[in-house]
Each structure stands twice: as structure tokens, then as C-alpha cells.
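Everything numeric in this text was worked out from a predicted model, so none of it was measured.
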Amino acid sequence: MPFKEDSSYATSGKYCACIEFHLSEHERRGFHTSQLIEYTLEPNPDAGDDKNEPPQKLALAFSTADVVVLGWRLSHLADKLQENDLAAVRVLPKRFAELDRHMPFVASIIIAPIPKE
């Protein structure tokens with residue numbers, strides 16, 4: 001899924017079978033959308049009053065892992081999830097944070113696998 005140069009996310013324009021998380025240039029992890037149990041968009045509790053910390057937290061619960069995305073203006077990503085149009089998410093360098101104040105900016109992606117019992 002191609003990203004625009006300054007974008008933290010990519011859409012497909014059609015039904016997305018998988019959501020990929022690009023952790024680095026050489027590391028990607030994907031989850032089938034049917035594994036998505038729920039997602040929550042909320043204030044980042046670790047940000048407090050620190051303007052340098054990402055103010056929002058988008059938590060996604062998949063059947064095999066929990067994914068936490070921290071950033072700014074993440075409601076757009078939540079909208080794309082709800083529309084089943086979110087294809088990929090990636091972290092961008094901080095210099096892109098204020099390039100477009102209407103677009104989401106992802107500061108970090110944390111994937112925690114669910115332990116097998």
C-alpha cells in the first residue's frame with residue numbers, strides 16, 4: 001500500500017482485508033480486519049500538560065495482539081477504521097507533525113502480542 005510522502009496512513013478506497021502497521025522501513029506487521037475486536041480513541045494519559053507528548057491514544061484490540069498508536073489528530077484514523085478503509089499506518093519523523101494541521105500524525109506504534117495459553 002503506497003503512502004503519500006508526508007502521510008502517517010494509507011487507505012485503499014475499497015474494503016480493506018488487512019491493516020498493516022509499518023514499524024520501520026523494513027518491519028511491517030499486518031492483521032486481518034476480521035480479527036479487530038474493538039478500538040478506542042482517548043486522551044493519552046501519559047501526555048498530561050506536556051505539549052511535546054502525543055495527546056491522543058488509539059488502542060486497537062485484535063484477537064492475537066493489542067496495538068497502541070500515539071499521535072495527534074487520530075480521530076481521522078478512527079473514522080477510516082469505522083469505514084473499513086484504513087489499509088496501513090506508519091510512524092513519521094517529528095518534522096512532519098505540523099506540516100498539515102488537519103492530517104493525523106503518528107508518533108509511535110506499539111504492538112503487544114496476546115500470550116498463547
Side-chain angles (χ1 to χ4, degrees):
M1 187 60 46
F3 288 96
K4 293 181 182 175
E5 180 183 343
D6 59 350
S7 181
S8 287
Y9 74 100
T11 60
S12 71
K14 58 182 180 178
Y15 173 82
C16 286
C18 292
I19 301 171
E20 273 194 344
F21 296 93
H22 294 234
L23 305 172
S24 71
E25 186 178 342
H26 305 289
E27 185 180 6
R28 306 187 319 191
R29 179 121 184 237
F31 297 92
H32 199 279
T33 55
S34 66
Q35 288 188 7
L36 181 61
I37 299 166
E38 68 176 350
Y39 63 90
T40 305
L41 177 63
E42 60 190 6
N44 178 7
D46 297 329
D49 293 330
D50 186 349
K51 299 293 182 200
N52 292 318
E53 285 295 315
Q56 292 182 310
K57 174 182 171 182
L58 180 61
L60 300 94
F62 291 96
S63 59
T64 58
D66 291 327
V67 178
V68 173
V69 176
L70 298 177
W72 286 260
R73 302 173 297 277
L74 299 181
S75 61
H76 191 69
L77 296 183
D79 292 344
K80 292 299 178 188
L81 271 172
Q82 188 265 337
E83 296 165 3
N84 202 25
D85 192 30
L86 186 63
V89 178
R90 70 175 174 176
V91 174
L92 283 178
K94 181 77 171 153
R95 71 177 186 268
F96 290 105
E98 299 303 323
L99 195 62
D100 185 344
R101 295 181 148 259
H102 301 290
M103 296 301 291
F105 176 76
V106 174
S108 71
I109 300 170
I110 302 158
I111 299 175
I114 307 267
K116 296 179 182 177
E117 295 182 22

Discussion item. Let's go through Leu81 and Leu60 carefully: what are the C-alpha distance in whole Å and the side-chain angles of both, what is the deciding distance for side-chain contact (heavy atoms from CB on, under 4.5 Å) to 0.1 Å, and is it a yes or a no?
Written reply: CA-CA 10 Å; Leu81 271 172; Leu60 300 94; 3.6 Å; yes

Close side-chain approach of [X] and [Y], heavy atoms under 4.5 Å:
X     : Y      : value
Leu41 : Leu77  : no
Val91 : Val69  : no
Phe31 : Val67  : yes
Asp66 : Ile114 : yes
Val89 : Leu58  : no
Val68 : Lys57  : yes

How long is the span from the [atom1] atom in [X] to the [atom2] atom in [Y], to the nearest 0.5 Å?
X     : Y     : atom1 : atom2 : value
Leu36 : Ile19 : CG    : CD1   : 6.0 Å
Thr33 : Asp85 : OG1   : CG    : 11.5 Å
Thr11 : Asn84 : OG1   : CG    : 11.5 Å

query: Looking at residues at least two apart in the chain, or sitting in another chain, which of them share a salt bridge (charged side-chain N to carboxylate O under 4.0 Å, His left out) with Glu38?
result: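 Partners of Glu38 under the salt bridge (charged side-chain N to carboxylate O under 4.0 Å, His left out) test: none.
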
Check: Under the salt bridge (charged side-chain N to carboxylate O under 4.0 Å, His left out) test, which residues partner Glu83, sequence neighbours left out?
Finding: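 Here the qualifying residues are Lys80.
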
_Among residues at least two apart in sequence or on other chains, which ones pass ring pair (Phe, Tyr, Trp, His ring centres under 6.0 Å) with Tyr39?_
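Tyr39 satisfies ring pair (Phe, Tyr, Trp, His ring centres under 6.0 Å) with no other residue.
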
Residues in ring pair (Phe, Tyr, Trp, His ring centres under 6.0 Å) contact with His32, at least two apart in sequence or another chain: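 Applying ring pair (Phe, Tyr, Trp, His ring centres under 6.0 Å) to His32 gives none.
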
**Q.** Test item: Arg73 side-chain N/O and Met103 main-chain N/O as donor-acceptor pair under 3.5 Å
**A.**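 Pair found, side chain donor or acceptor close to backbone of Met103.
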
Using the test side-chain contact (heavy atoms from CB on, under 4.5 Å), find all partners of Ser63 that sit at least two apart in sequence or belong to another chain.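 Ser63 satisfies side-chain contact (heavy atoms from CB on, under 4.5 Å) with Gln35, Ile37 once adjacent residues are dropped.
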
Practice prompt. List in chain and number order the residues that pass side-chain contact (heavy atoms from CB on, under 4.5 Å) with Asp50, two or more places apart in sequence or in another chain; answer none if no residue qualifies.
Written response: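 Listed in chain order: Asn52, Glu53.
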
Under 4.5 Å between side-chain heavy atoms, counting indirect links through other Ile/Leu/Val/Met/Phe/Trp/Tyr residues: same cluster for Phe62 and Ile109 or not?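 Yes, same cluster.
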
Heavy-atom closest pair, residues [X] and [Y]:
X      : Y     : answer
Phe105 : Ser8  : CA-OG, 3.6 Å
Pro55  : Gly71 : CD-O, 3.3 Å
Ala107 : Pro54 : CB-CG, 3.7 Å

| Stepwise side-chain contact (heavy atoms from CB on, under 4.5 Å) test for Asp79 and Leu86 | CA-CA 9 Å; Asp79 292 344; Leu86 186 63; over 6 Å; no

query: Would you find more than 12 non-hydrogen atoms of other residues, nucleotides or ligands less than 6.0 Å from Glu42 atom CD?
result: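 Yes, enclosed.
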
